[in-house]
Amino acid sequence: MKVTFKIFRFNPAVDSSPRWSVYEVEVDKSATILDALLKIKENIDPTLTLRYSCRQAVCGSCGMVINGKERLACFTRVLELNSNMITIEPLKNFPVIKDLVTDFTELFVKEKTIKPYIIRRDLEEMMKPVGMYLQKEEETLSYLQFAECIECGLCVSACPTVSIDRLFLTPMVLNKAYRFSIDPRDEGFEERLSIIDSEHGCWRCHFALACSNVCPKGIDPGKSIQYLKNMITSHSLLELFLGRTKKKKKTELLERPHISSEPEI
Amino acid sequence: MVDKISTDIVIVGSGLAGLRAAIEAAGRGPNLQIAVLSKVHAMRSHSVAYAGGTAAALYPEEGDSFELHAFDTIKGSDYLADQDTVELFVKLAPREILRLEHWGMPWSRKPDGRIDQRPFGGHSFDRACYAADKTGLHAMQTLYNTCLKYDNITFYHEWFATSILVEDGEFKGFTAIEIKSGELHVFKAKAGILATGGAGRLYSFTTYGHSATAEGMAMAYRVGIPLKDMEFIQFHPTGLVPSGILISEAARGEGGYLRNKHGERFMSRYAPEKMELAPRDIVSRAMMKEIMEGRGFEGPDGLDYVHLDLTHLGEKVIDEKLTEIKMIAMKFAGINPVNEPIPVRPAAHYTMGGVHVDIYGQTPVRGLWAAGEVNCSSVHGANRLGCNSSIDCLVYGFLTGKQAAEYASKKNNPGSFPTQLVVSEEKRVFDQIFHGGYGEDPYLIKRELQNTMSEKAYVFRDGKGLEEGLRKIRELRKRFGTGKVNDKSKEYNQNFINVLELDGMLEVAEVVVVSAIARTESRGAHYRLDYPKRDDVNWLKHTLAYRTPEGPRLEYIPVRITKWMPTERKY
Amino acid sequence: MSNVGARKSRGRVTGWLKIRGYSIEKVMYLVQRISGLMIVGFLLWHLLDTNQAYLLITELQILFGVIIIFHALNGVRLVLAEYGFIVGKPIRAVYPYKFTTLRGLQRLSVALVIVVFIILTAIWILNIVGVIG
Amino acid sequence: MRESVKMLLHYITGVLILITGAIHVLSGHFEAYGLIKSAELYSINKLIFLASILYHALNGVRVVLIEFVPKRWFTDSITLVLIIIGLAFFIYTSLLIF
């Protein structure tokens, strides 16, 4: 099957504005967009630049806008697009470094501000554990869906708020904030509040669900962000009217006595 | 002159081992500056793709023990593993599981809330802790996010390390290209950790992502560190046809069957007791034998296959525990595993060999450690058991991070800096390759290299084929020249990076084949049709390959045996 | 480290208008926002122009009513959704992925908003042009 | 005030507008049919309606503006500006009503 690819090209050293390259490639039935792009890169034009790594939709490198919608190149088969003309652009809402490669630096900085890790008071146990925290299935389920984020940036590109508000935390980061805040092991919700409950925090999400529309891992950031709003509101209402906040249930530690102390080297 | 970045510890590679080492070092030395270099975004390393689980003896009250785990590992290794190393390794394993648990890993749980474990190939106890079949994704996310807790860890996303700087047997730093700007920088550091992963992309049909190209091994090899046991490449029995994407061993752990053309569970002929859960080398050989004897299905491009049958497991088990496999089968093969068997074939999966290190992960170079798949502390010997590699990454990440932190805090005076090495590296990278490169198209060479390796150094090998392979690789080396870069732009030049990668791949491929030719026996994953027996008298030893201008020079060191004497290996 | 001449992020307000390929919720988001801004305009007029001369223009009256009806109905839906009441429970992400926000109660509420909107709009228009009331 | 509280008020006033607005629009009908005849009640209703609508509208404007001008100084100062505008409006129109 012959397919025409129209690809966004931009090399900052040479081009003052983007241009489009058109390639025709022969692809077979099972080929993904990534296979086709690599075929172009290896056989026709070695200067074509794109990120790729795992080719099985789990590393999150190859996010791009394919025929007008954000998709992972490796997770989109040429056939399923039902089109002989495929337009490929880099992700929107990111600065373009070259061709299909975009700059994620700002996103990673935002991610760090919301403290995306388990925060606990028992620091000694965190570094030198003596046991495991017990967790029932329903407790795991409360955050499991949101923990599967691969940080591919598709939701960031699709989000209409990000497109105008560069300070907005983005669906990916807010999803992460909820994933850690709801985790039964975490005690750091209040530390994250000042960022996620700010003017450019979760309240700039207006439920357009573009993020859920494009998520390649079934995470549904549209859902976790609304839960986050609920969590924050009940927290601030309790604080406002009762002057206290709900305490999290303490997680139980099951000790594993057979683990010996660290070896001296 | 190139920019110099001074820091205390440099970690090259951001997979499980690299990130684990970074956390350990950062936690131990709050005053140490730690730089993590990665040629992709740090959370995108190929560790994300491991699916099945992570082994550790967590529940001694239920019959598991360190002894048992160690014995399984050593038996799985076909007795080539260093036994003192294995003993240390199994003891450190459970704590790593608990650490990940504390840092937010969503391990799958038993009904009472404890971490669940599933059976895995070659293990005599169900000891693979798992998170559905996305263990790698969750582990990587957990570690990456935990790294963000430490302000003294700096990530250098998309930096490609080109060489290790060594002076008088002491580590001095790395040179690396910032891919975004195309400029060479020097990382000057007191201690370094290599965690660059394996060499699977030497093969065309492989479960590795595009980024696992062995440049860590090549870098170490070039500065005179020997590569150990490189002939042992593991082939995972179930790579999806035609792409090679990994269908995790979890599928068989949860009870999947392997069937040939006639619908037989052929494993009963090869490992009557363990059936599909025999170690990977045995299953792979069985599958290839079925295919070679005409009991497989005919596949595209000569990729004949057998069936992995999950249909009897039911939709609930598949949806709860094998979700990623379902996704992969449906998306990349158009098959719903609930109703149809999956076409699979052995695919290159793991490099048992690697940079020579001691029991604690220290390379012969002072101040340089290696952790994860890139090293060969010889826990895995001639064949690795499933789910032992992720725990190897964690354990060696911990060990090397700890040692590097201690070493760097003690070392106040960084000593002299080998500026001339940087100058010559700059010459090699830019003048020789980028500007003055000549040779054939690198992508063509890469394809030919991968095809050669797949043909000549696959599951079954023989002396004649390997010799032909070596000739071919040396010919490719000549045709490659210094490496021709077609893209001449400076910023984000992937073509250039691909050429640098290929340079290292050719070097490592030669070591693999030369080591395989020399080892005239069959052990673990290295099976010679012309020498089908294991030979403990002559070959119970590790291969060390040193670089010389004429090609690898081989030396041998004995295997360390503590209490398990080699016996015949039966499953 | 170094700062290469990377292009500024592409997008801006065009992100609002990009609707093809996405679901109905993105359209509702756009309309909600535009109708809100229009209502603010009307409001200023209404409060400052004490003669309320615009009430004499039928088309404007119809438009004013229609956007208020939509904004109000959709607003109620958004309050329920944004506090997490109609977006579904967390589930396992199993391929082919199901998004509880894009189905079930939430979708029902979208349909409901649209149906009630059409009915109320019809009543409003008929009322203005004098067929009923 | 936290953003969550601001937005909660936004939603509450939204619902209030629905209720008081309905009374406001229908008040003519009620009086015509002689159902409820209480000028004070309608005035109070009007006042709540006015306050809600001002808050809801100005907060809506604020939301759009801080998204359009993603600068820290702007985000920090816009609230104060809008509060002043809102209060001025409220006093002006209350004087008109009564």
Side-chain angles (χ1 to χ4, degrees), chain A residues 11-14 30 32 42-43 46-47 49-61 75 77 97-98 101 104-105 108 111-112 115-118 120 125-127 129 131-137 140 143-144 147-151 176 180 183 185-186 252 254 256 258-260 263 265, chain B residues 27 40-41 43-46 48-49 58 60 88 91-92 94-95 98-99 101-104 106 108-109 111-115 134 136-138 141 145-146 148-149 155 157 180 209-211 242-243 245-246 324 327-328 331-334 360 399 402-403 443 486-487 489-495:
Chain A
N11 180 354
V14 188
S30 64
T32 61
E42 295 187 357
N43 297 323
T47 62
T49 311
L50 68 150
R51 283 200 185 102
Y52 57 93
S53 172
C54 76
R55 49 84 215 234
Q56 60 185 68
V58 68
C59 76
S61 300
F75 199 52
R77 284 165 76 184
I97 295 176
K98 189 180 174 189
V101 176
F104 273 60
T105 319
F108 294 155
E111 185 190 6
K112 193 167 171 156
K115 309 189 184 223
Y117 37 81
I118 298 282
R120 287 188 69 89
E125 175 66 22
M126 288 291 271
M127 268 328 263
M132 67 174 79
Y133 296 121
L134 296 182
Q135 206 169 79
K136 291 270 191 270
E137 178 164 11
T140 314
Y143 66 88
L144 184 62
E148 291 180 0
C149 178
I150 54 174
E151 311 193 11
K176 214 145 232 178
F180 281 101
D183 194 312
R185 291 164 289 201
D186 180 75
E252 216 181 309
L254 175 76
R256 304 278 72 215
H258 70 291
I259 299 174
S260 54
I265 299 164
Chain B
V40 290
H41 286 150
M43 77 298 287
R44 315 225 192 280
S45 303
H46 203 61
V48 286
L58 269 186
L88 172 78
K91 275 190 198 129
L92 292 176
R95 176 165 282 171
L98 300 182
R99 278 202 175 99
E101 199 269 343
H102 285 9
W103 295 340
S108 292
R109 304 285 176 149
D112 60 0
R114 293 181 300 158
I115 295 171
K134 300 175 185 169
L137 164 60
H138 287 307
Q141 281 292 332
N145 285 332
T146 307
L148 298 181
K149 187 150 95 182
F155 280 105
H157 299 287
K180 190 173 152 190
H210 291 282
S211 53
S243 54
I245 293 173
L246 171 67
E324 197 80 352
M327 181 276 272
I328 288 168
K331 195 73 181 189
F332 299 103
Y360 299 117
L399 282 173
K402 176 178 146 113
Q403 291 171 87
Y443 297 111
N486 288 316
D487 186 353
S489 60
K490 197 154 173 276
E491 290 87 11
Y492 216 99
N493 190 339
Q494 244 175 359
N495 187 236

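In this text the structure is predicted, and so the values were computed from the model without any measurement. To find a chain, count down the sequence lines: A is the first, B the second, and so on, and within it residues start at 1.
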Which bit of B:Tyr360 comes within less than 4.5 Å of chain A, counting heavy atoms only: side chain, backbone, both or neither?
side chain
Looking only at heavy atoms, what is the nearest atom pair of B:Gly27 and A:Met127, with distance?
CA-CE, 4.4 Å
Hey, does the side chain of A:Arg185 reach the backbone of B:Gly104 with a donor-acceptor pair shorter than 3.5 angstrom?
yes
Heavy-atom pairs under 4.5 Å with chain A are the metric here; pick the option from B:Ile245, B:Ile328, B:Leu399 that has the most.
B:Ile245
Side chain, backbone, both or neither: which part of A:Ile150 has a non-hydrogen atom closer than 4.5 Å to chain B?
both
Contact origin within A:Thr140 toward chain B - heavy atom pairs under 4.5 Å
side chain
Given heavy-atom pairs under 4.5 angstrom as the criterion, report whether the side chain, backbone, both or neither of B:Lys134 touches chain A.
side chain
Quick one: does any side-chain atom of B:Lys331 pair with a main-chain N or O of A:Phe75 as donor and acceptor, under 3.5 Å?
yes
Any chance you could lay out the side chain to side chain contact (heavy atoms under 4.5 Å, CB included) test for A:Ile118 and B:Glu101, step after step, and finish with the verdict?
CA-CA 10 Å; A:Ile118 298 282; B:Glu101 199 269 343; over 6 Å; no
Heavy-atom closest contact (A:Pro116 atom, B:Asn145 atom, distance):
O-CB, 2.9 Å
Quick test of your reading of the model: are A:Glu151 and B:Arg44 salt-bridged, counting only N-O distances below 4.0 Å?
no
A:Arg55 and B:Ser243 have their tightest heavy-atom pair at NH1-O, 2.9 Å
Looking only at B:His41, B:Lys91, B:His46, the option with the highest number of non-hydrogen pairs under 4.5 Å against chain A is B:His41
Please tell me if the side chains of B:Asn495 and A:Glu42 come closer than 4.5 Å, counting only heavy atoms from C-beta onward.
no
Go through the atoms of A:Glu252 and report whether side chain, backbone, both or neither lie under 4.5 Å from a heavy atom of chain B.
neither
B:Gln494 side chain to A:Leu50 backbone, donor-acceptor under 3.5 Å:
yes
Rounded to the nearest 0.5 Å, what separation is found between the OG1 atom of A:Thr49 and the OH atom of B:Tyr492?
8.0 Å
Side chain, backbone, both or neither: which part of A:Tyr143 has a non-hydrogen atom closer than 4.5 Å to chain B?
side chain
Going by heavy atoms in the side chains, are A:Pro129 and B:Arg99 under 4.5 Å from each other?
yes
Which region of B:Ile115, side chain (C-beta onward) or backbone (N, CA, C, O), has a non-hydrogen atom less than 4.5 Å from a non-hydrogen atom of chain A, or is it both or neither?
both
Strictly distance-based, threshold 3.5 Å: is any side-chain N or O of B:Gln141 a donor or acceptor partner for the main-chain N or O of A:Cys149?
yes
Go through the atoms of A:Ser30 and report whether side chain, backbone, both or neither lie under 4.5 Å from a heavy atom of chain B.
side chain
With a 4.5 angstrom heavy-atom cut-off, could you sort out which part of B:Gln403 is near chain A: side chain, backbone, both or neither?
side chain
A:Arg256 side chain to B:Leu58 main-chain N or O, any donor-acceptor pair under 3.5 Å?
yes
Examine whether an atom of A:Asp186 lies under 4.5 Å from a heavy atom of chain B, and if so say whether it belongs to the side chain, the backbone or both; otherwise answer neither.
neither
Go through the atoms of B:Lys490 and report whether side chain, backbone, both or neither lie under 4.5 Å from a heavy atom of chain A.
neither
Pair A:Phe108 and B:His157, ring centroids less than 6.0 Å apart
yes
As an exercise, state the distance from CG of B:Asp112 to CG of A:Leu134, rounded to the nearest 0.5 Å.
7.0 Å
Regarding B:Ser489 and A:Lys98, do their side chains bring together a donor and an acceptor under 3.5 Å, going by distance alone?
yes
Nearest atoms (heavy-atom pairs only) where A:Gln56 meets B:Leu246:
OE1-N, 4.1 Å
Checking A:Val58 against chain B: side chain, backbone, both or neither under 4.5 Å from a heavy atom?
both
Contact part of B:Arg109 toward chain A, heavy-atom cut-off under 4.5 Å: side chain, backbone, both or neither?
side chain
Can you name the nearest heavy-atom pair linking A:Ala13 to B:Glu491, along with the distance?
CB-OE1, 3.3 Å
Polar side-chain atom of B:Lys149 near backbone of A:Tyr117 as donor-acceptor pair, under 3.5 Å
no
Check: A:Gly131 main-chain N/O paired with B:His102 side-chain donor or acceptor under 3.5 Å:
yes
Leading residue by heavy atom contact count with chain B [cutoff under 4.5 Å; candidates A:Leu254, A:Asp183, A:Val101]:
A:Val101
At their closest point, which heavy atom of B:Pro111 faces which heavy atom of A:Lys136, and how far apart are they?
O-CD, 3.8 Å
In terms of heavy-atom pairs under 4.5 Å with chain A, which of B:Leu98, B:Val40, B:Asn486, B:Asn493 leads?
B:Leu98
